[in-house]
*Asks:* 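First, the structure itself, so that you have it in front of you.
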Amino acid sequence: MEQFATVMATPKTSLLSTIPSDKARWNVLAAEELDHFNMDWMGKYRGKSSCVIKPKSAEELSAIMRICYENNIAIVPQGGNTGLVGGSVPVHDEVVVNLSSMNKIRSFDTMAGTLVCDAGCILEVLDDYVANEGYMMPLDLGAKGSCHIGGNVAANAGGLRFLRYGSLHGSVLGLEVVLPNGDIITGLQTLRKDNTGLDLKQLFIGSEGTLGIITGVSIATPPRPKSVKLAMFGLDSYEAVQQTFRTVRKYCGEILSAFEFVDADTFNVVMNSKVQSHKNPFTEPHRMYVLVETSGSNKEHDDEKMQLLLEELLESGLISDGVLAQDETQIRALWAIRENIPESLGHLGKVYKYDVSLPIEKMYDLVDAVKLQCQKHRILGVSPGEDLVLAVGGYGHIGDGNLHINVAAKGYLAEVENALEPFIYEFVASVRGSISAEHGLGLMKADKIGYSKDLVSIDCMKRIKRVFDPKGLLNPYKYLPSRN
Ligand code: FAD
Ligand code: 2HG
Ligand code: ZN
């Protein structure tokens with residue numbers, strides 16, 4: 001008999017009593033397997049759901065949503081569960097709808113480069129698939145081996161190549177979405193231009209599972225570049241990082257595909273991490289490191305550009321040292337240093353993560369201010385064995401004005417959190433930055449949106465939420481303040 005959907009452990013009795021009680025159509029698994037779905041990637045947020053549903057189609061999900069809607073059962077949509085703001089796990093015992101069984105590629109247009117796929121497809125699997133046809137996914141992130149395209153769209157993930165390929169608001173062409181009442185929006189068109197009515201898909205991009213569950217994605221994929229160059233530089237100051245960014249744009253602007261920065265504390269955590277071994281590309285330590293990637297269609301042209309850039313950077317004294325990857329293996333090794341930062345820090349301790357947009361010239365002031373704040377609160381710099389804070393790292397997508405501050409601590413402790421919040425949010429608001437550049441609001445920042453958005457905007461968002469989800473059943477407690 002065909003299975004209806006996978007339900008793990010004991011489904012809520014109210015759900016079971018209303019769903020066709022033909023038990024043979026359910027897959028009931030052991031309770032310990034639920035941990036994986038209740039706990040987030042950082043080990044910071046944990047729910048206690050006893051019911052995980054893995055639908056296999058939009059129609060199946062629609063039937064489930066309809067039942068939940070009629071019976072006031074709350075739901076958490078879940079993709080690869082790599083989110084960093086507590087949005088993908090239940091707060092209490094909400095039903096988890098995990099999309100991993102919806103993982104089929106529906107179509108790929110080799111002429112236009114448009115991909116239509118299920119929301120549960122893993123980003124890296126999609127990238128490998130379109131690579132065979134000479135294309136690439138327009139986003140790339142360290143979690144690519146686990147995160148789903150539906151999760152990426154729901155979170156409006158940015159990542160390492162945002163600088164070149166832009167936001168998912170531009171590359172997503174259509175979405176299939178199941179609404180809280182079970183209705184299905186069948187919007188999987190592949191048109192690049194379509195001005196018929198409101199562009200509803202934009203509302204779901206970055207809505208973090210609060211308006212509907214994305215079951216299908218149509219996305220434009222750019223041609224895979226023929227020539228990719230990657231260099232890593234060591235620099236002596238944050239001022240030099242900024243000047244280098246200006247120079248790189250001047251010399252390689254049209255082929256620039258990534259410009260990432262990593263400070264020394266973060267770099268050292270990765271180098272000393274037991275998670276994965278990395279060869280330090282530099283013989284001497286530096287205060288700052290940057291990764292510069294170019295992607296183009298002509299190797300000779302790009303070689304020449306990179307050569308001119310290197311000469312300029314060395315002659316002007318902006319960089320102290322630099323390495324240029326010579327082949328694909330070296331490219332992977334340099335990228336791995338950057339991509340393994342979250343995991344290496346996570347191995348050191350429990351990590352408080354702040355993901356902010358700031359004017360580039362103010363970015364490192366915040367990292368310095370956070371270190372000082374931790375010292376003032378006597379959680380850093382007291383004595384190595386006793387400090388609650390183990391490392392403060394600053395890194396990120398500097399080309400997009402996006403800084404990540406990671407504070408690794410001995411635990412998720414009130415002393416640490418009280419030192420960091422609202423201190424960081426107030427700093428960001430004072431320079432008119434954003435408290436969520438790319439990770440979203442989730443549970444962590446649902447009540448903090450006011451630091452970056454005005455009251456009228458927040459009220460409009462609440463009203464839109466009520467249009468799609470009048471009963472407030474989809475991803476409750478997340479994204480928007482619960483207070484009126
Ligand atoms: P989940 O974590 O499962 O969910 C994220 C949110 O989307 C939740 O609110 C969830 O309810 C909702 N959701 C998930 N699927 C659906 C769906 N089908 N329909 C509706 N709602 C849904 N983020 C960046 O922006 N840039 C980065 O560079 C980046 N790098 C990362 C590196 C690492 C090592 C890790 C662990 C995370 C990183 N992230 C990054 C954070 C994270 O946002 C992304 O990994 C990814 O976009 C989340 O996808 P997911 O499938 O894991 O979604
Ligand atoms: C990255 O850029 C991700 O590596 C994760 O956005 C950042 O862990 C973080 O804070
Ligand atoms: Zn990031």
Side-chain angles (χ1 to χ4, degrees), residues 37 40-42 45 55 58 61 75-91 94 96-100 102-103 118-123 139-162 167-168 175-180 204-217 258 260-262 266 270 275 335 337-346 351-357 393-398 400 402-408 436-444 446 474-479:
F37 301 92
D40 80 319
W41 190 85
M42 298 173 291
Y45 300 97
L61 179 59
I75 291 176
V76 180
Q78 188 177 76
N81 198 8
T82 65
L84 300 173
V85 288
S88 52
V89 290
V91 176
E94 301 89 287
V96 176
V97 170
N98 180 289
L99 273 294
S100 56
M102 286 194 69
N103 57 5
D118 285 353
C121 290
I122 287 176
L123 179 61
L139 79 162
D140 184 22
L141 23 136
K144 58 179 166 267
S146 317
C147 63
H148 296 180
I149 188 68
N152 300 149
V153 173
N156 189 23
L160 303 163
R161 299 212 172 80
F162 184 100
S167 157
L168 286 172
L175 293 177
E176 177 186 80
V177 182
V178 182
L179 298 179
F204 296 98
I205 301 172
S207 65
E208 299 183 38
T210 59
L211 300 182
I213 301 191
I214 300 165
T215 48
V217 176
E260 295 284 316
F261 113 97
V262 179
T266 309
V270 178
V275 182
W335 265 126
I337 296 174
R338 168 65 183 87
E339 289 180 355
N340 289 336
I341 294 172
E343 212 176 336
S344 305
L345 278 154
V351 185
Y352 286 89
K353 290 178 181 290
Y354 300 92
D355 156 47
V356 301
S357 276
Y395 62 99
H397 319 288
I398 193 173
D400 311 319
N402 178 188
L403 170 73
H404 295 307
I405 297 192
N406 281 197
V407 179
S436 170
E438 57 171 11
H439 295 165
L441 296 161
L443 181 62
M444 178 189 181
L474 205 52
N475 228 355
Y477 322 104
K478 320 272 178 64
Y479 199 63

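Sequential numbering from 1 along the given sequence is applied to the chain's residues. Every number for a ligand or one of its atoms is a count from 1 in the order of the listing.
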*Asks:* Measure from the Zn ion (ligand 3) to each N, O or S atom of H404 and report whether any distance is below 2.8 Å.
*Replies:*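 It does; at least one qualifying atom falls short of 2.8 Å.
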*Asks:* Once you round to the nearest 0.5 Å, how far does CG of N152 lie from CG of D140?
*Replies:*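 Separation between the atoms: 10.0 Å.
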*Asks:* Quick one: nearest non-hydrogen protein atom to atom 30 (N) of ligand 1, plus distance?
*Replies:* L141 CB, 3.7 Å
*Asks:* Less than 4.0 Å between atom 6 (C) of ligand 1 and some protein heavy atom, yes or no?
*Replies:*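 So far as the 4.0 Å threshold goes, atom 6 (C) of ligand 1 is out of reach of every protein heavy atom.
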*Asks:* Considering both backbone and side-chain atoms of G158, is one of its nitrogen or oxygen atoms within less than 3.5 Å of a nitrogen or oxygen in ligand 1?
*Replies:* yes
*Asks:* Do any nitrogen or oxygen atoms of N81 come within less than 3.5 Å of a nitrogen or oxygen of ligand 1?
*Replies:* yes
*Asks:* Side chains of K478 and E208, heavy atoms from C-beta outward: is any pair under 4.5 Å?
*Replies:* no
*Asks:* Report yes if some heavy atom in the side chain of W335 is under 4.5 Å from a heavy atom in the side chain of L160; otherwise report no.
*Replies:* yes
*Asks:* Taking only heavy atoms of G209, which atoms of ligand 1 are found under 4.0 Å from at least one of them?
*Replies:*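 Contacts of ligand 1 toward G209, numbered from 1: 20 (C), 21 (N).
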*Asks:* Hey, are the side chains of V356 and I405 touching, using non-hydrogen atoms and a 4.5 Å cut-off?
*Replies:*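 No, side chains not in contact.
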*Asks:* Quick one: CZ on F162 to CG on L141, what's the gap to the nearest 0.5 Å?
*Replies:*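 Here the interatomic distance stands at 12.5 Å.
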*Asks:* What protein heavy atom lies closest to atom 43 (O) of ligand 1? Include the residue and the distance to one decimal.
*Replies:*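 Nearest neighbour among protein heavy atoms for atom 43 (O) of ligand 1, to 0.1 Å: A155 CB, 4.0 Å.
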*Asks:* Under 3.5 Å, N or O to N or O, is A119 touching ligand 1 that way?
*Replies:* no
*Asks:* Kindly confirm or rule out an N or O of N156 lying under 3.5 angstrom from an N or O of ligand 1.
*Replies:*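 Such a contact does not occur with ligand 1.
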*Asks:* Around ligand 2, what residues show up once you keep those with a heavy atom under 4.0 Å from it?
*Replies:*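 For ligand 2, the residues that come within the 4.0 Å heavy-atom cutoff are L84, R338, P342, K353, Y395, H397, H404, N406, E438, H439.
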*Asks:* Please check: side-chain N/O of D355 versus main-chain N/O of A437, any donor-acceptor pairing under 3.5 Å?
*Replies:*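 Flag set: sc D355 to bb A437 pair under 3.5 Å.
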*Asks:* Could you check whether any side-chain N or O of E438 sits under 3.5 Å from a backbone N or O of G159, counting only pairs where one atom can act as donor and the other as acceptor?
*Replies:*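 Pair found, side chain donor or acceptor close to backbone of G159.
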*Asks:* What N, O or S atom of H397 is found closest to the Zn ion (ligand 3)?
*Replies:* NE2
*Asks:* Among all protein heavy atoms, pick the one closest to atom 13 (N) of ligand 1 and tell me residue, atom and distance.
*Replies:* A154 CB, 3.6 Å
*Asks:* Any chance you could measure I213, atom CD1, to L474, atom CG, to the nearest 0.5 Å?
*Replies:*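 The CG atom of L474 is 5.5 Å from CD1 of I213, to the nearest 0.5 Å.
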*Asks:* Would you indicate which of P342, G151, G396 comes nearest to atom 34 (C) of ligand 1 when only heavy atoms are counted?
*Replies:*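 Closest candidate by heavy-atom distance is P342.
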*Asks:* Should G83 be counted as touching ligand 1, given the test is an N or O pair under 3.5 Å?
*Replies:*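 G83 vs ligand 1: N/O contact under 3.5 Å present.
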*Asks:* Would G79 count as a polar contact of ligand 1, with the cut-off being nitrogen or oxygen pairs under 3.5 Å?
*Replies:* yes
*Asks:* Please indicate whether any nitrogen or oxygen in E339 is less than 3.5 Å from any nitrogen or oxygen in ligand 1.
*Replies:*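 No; the residue has no nitrogen or oxygen that sits under 3.5 Å from a nitrogen or oxygen of the ligand.
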*Asks:* Does a side-chain heavy-atom distance below 4.5 Å link V91 with P476?
*Replies:* no
*Asks:* Does ligand 1 have any atom sitting under 4.0 Å from a heavy atom of G212?
*Replies:* yes
*Asks:* Please determine if the Zn ion (ligand 3) has an N/O/S atom from E438 lying under 2.8 Å away.
*Replies:*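 E438 does place an N, O or S atom closer than 2.8 Å to the Zn ion (ligand 3).
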*Asks:* Applying side-chain hydrogen bond (donor to acceptor under 3.5 Å, both in side chains) between Q78 and each of N475, D40, N98, report the one that passes.
*Replies:*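 The residue from N475, D40, N98 that satisfies side-chain hydrogen bond (donor to acceptor under 3.5 Å, both in side chains) with Q78 turns out to be N98.
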*Asks:* Could you tell me if the side chain of Y395 sits less than 4.5 Å from the side chain of P342, heavy atoms only?
*Replies:*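 Counting from C-beta outward, P342 and Y395 do come under 4.5 Å.
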*Asks:* Side chain or backbone, does I213 bring an N or O within less than 3.5 Å of an N or O on ligand 1?
*Replies:*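 Min N/O separation from ligand 1 is not below 3.5 Å for I213.
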*Asks:* Tell me which part of N152 gets within contact of ligand 1: side chain, backbone, both or neither, using heavy atoms under 4.0 Å.
*Replies:* both
*Asks:* Got the closest protein heavy atom to atom 37 (C) of ligand 1, with its distance?
*Replies:* T82 O, 3.3 Å
*Asks:* Atom CZ of R161 and atom NE2 of H397: how far apart are they, to the nearest 0.5 Å?
*Replies:*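 Reported value, rounded in 0.5 Å steps: 12.0 Å.
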*Asks:* Return the closest protein heavy atom for atom 32 (C) of ligand 1 as residue, atom name and distance.
*Replies:*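 Nearest protein contact, heavy atoms only, for atom 32 (C) of ligand 1 is A143 N, 3.6 Å.
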*Asks:* Exactly one of V89, V85, L84 should register a side chain to side chain contact (heavy atoms under 4.5 Å, CB included) with Y45. Which one does?
*Replies:*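 Running side chain to side chain contact (heavy atoms under 4.5 Å, CB included) over V89, V85, L84 with Y45 returns exactly one hit, V89.
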*Asks:* With a 4.5 Å heavy-atom cut-off, do T266 and N406 have their side chains touching?
*Replies:* no
*Asks:* In terms of atom number and element, which parts of ligand 1 are under 4.0 angstrom from non-hydrogen atoms of L99?
*Replies:* 18 (N)
*Asks:* Could an N or O of ligand 1 be found under 3.5 Å from any N or O of P77, whether backbone or side chain?
*Replies:* yes
*Asks:* List the steps, then state whether side chain to side chain contact (heavy atoms under 4.5 Å, CB included) holds for F261 with L403.
*Replies:* CA-CA 9 Å; F261 113 97; L403 170 73; 3.9 Å; yes
*Asks:* Could you identify the single nearest non-hydrogen protein atom to atom 38 (C) of ligand 1 and state the distance to 0.1 Å?
*Replies:*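 Of the protein heavy atoms, L84 CD1, 3.8 Å lies nearest.
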*Asks:* Are W41 and S146 close enough that some pair of their side-chain heavy atoms sits under 4.5 Å apart?
*Replies:* no
*Asks:* For the pair V262 and R338, evaluate side chain to side chain contact (heavy atoms under 4.5 Å, CB included) and give the outcome as yes or no after the intermediate values.
*Replies:* CA-CA 8 Å; V262 179; R338 168 65 183 87; 4.1 Å; yes
*Asks:* Atom 23 (N) of ligand 1: which protein heavy atom is closest, and how many Å away?
*Replies:* H439 CD2, 3.6 Å
*Asks:* What part of N475, side chain, backbone, both or neither, has a heavy atom within less than 4.0 angstrom of ligand 1?
*Replies:*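 For N475, only side-chain atoms sit under 4.0 Å from ligand 1.
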*Asks:* Rounded to the nearest 0.5 Å, what separation is found between the CG atom of D118 and the OG atom of S100?
*Replies:*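 D118 atom CG to S100 atom OG measures 11.5 Å (nearest 0.5 Å).
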*Asks:* Could you pull out, from V89, I214, L61, the option with a heavy atom nearest to atom 19 (N) of ligand 1?
*Replies:*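 Result: the heavy atom closest to atom 19 (N) of ligand 1 is in I214.
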*Asks:* Is it the case that ligand 1 has an N or O less than 3.5 angstrom from some N or O of D140?
*Replies:* no
*Asks:* Once rounded to the nearest 0.5 Å, what's the spacing between atom CG of L168 and atom CG of L175?
*Replies:*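 One gets 10.0 Å once the value is rounded to the nearest 0.5 Å.
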*Asks:* Got the closest protein heavy atom to atom 9 (O) of ligand 1, with its distance?
*Replies:* E208 O, 3.2 Å
*Asks:* Going by heavy atoms in the side chains, are H148 and I122 under 4.5 Å from each other?
*Replies:* yes
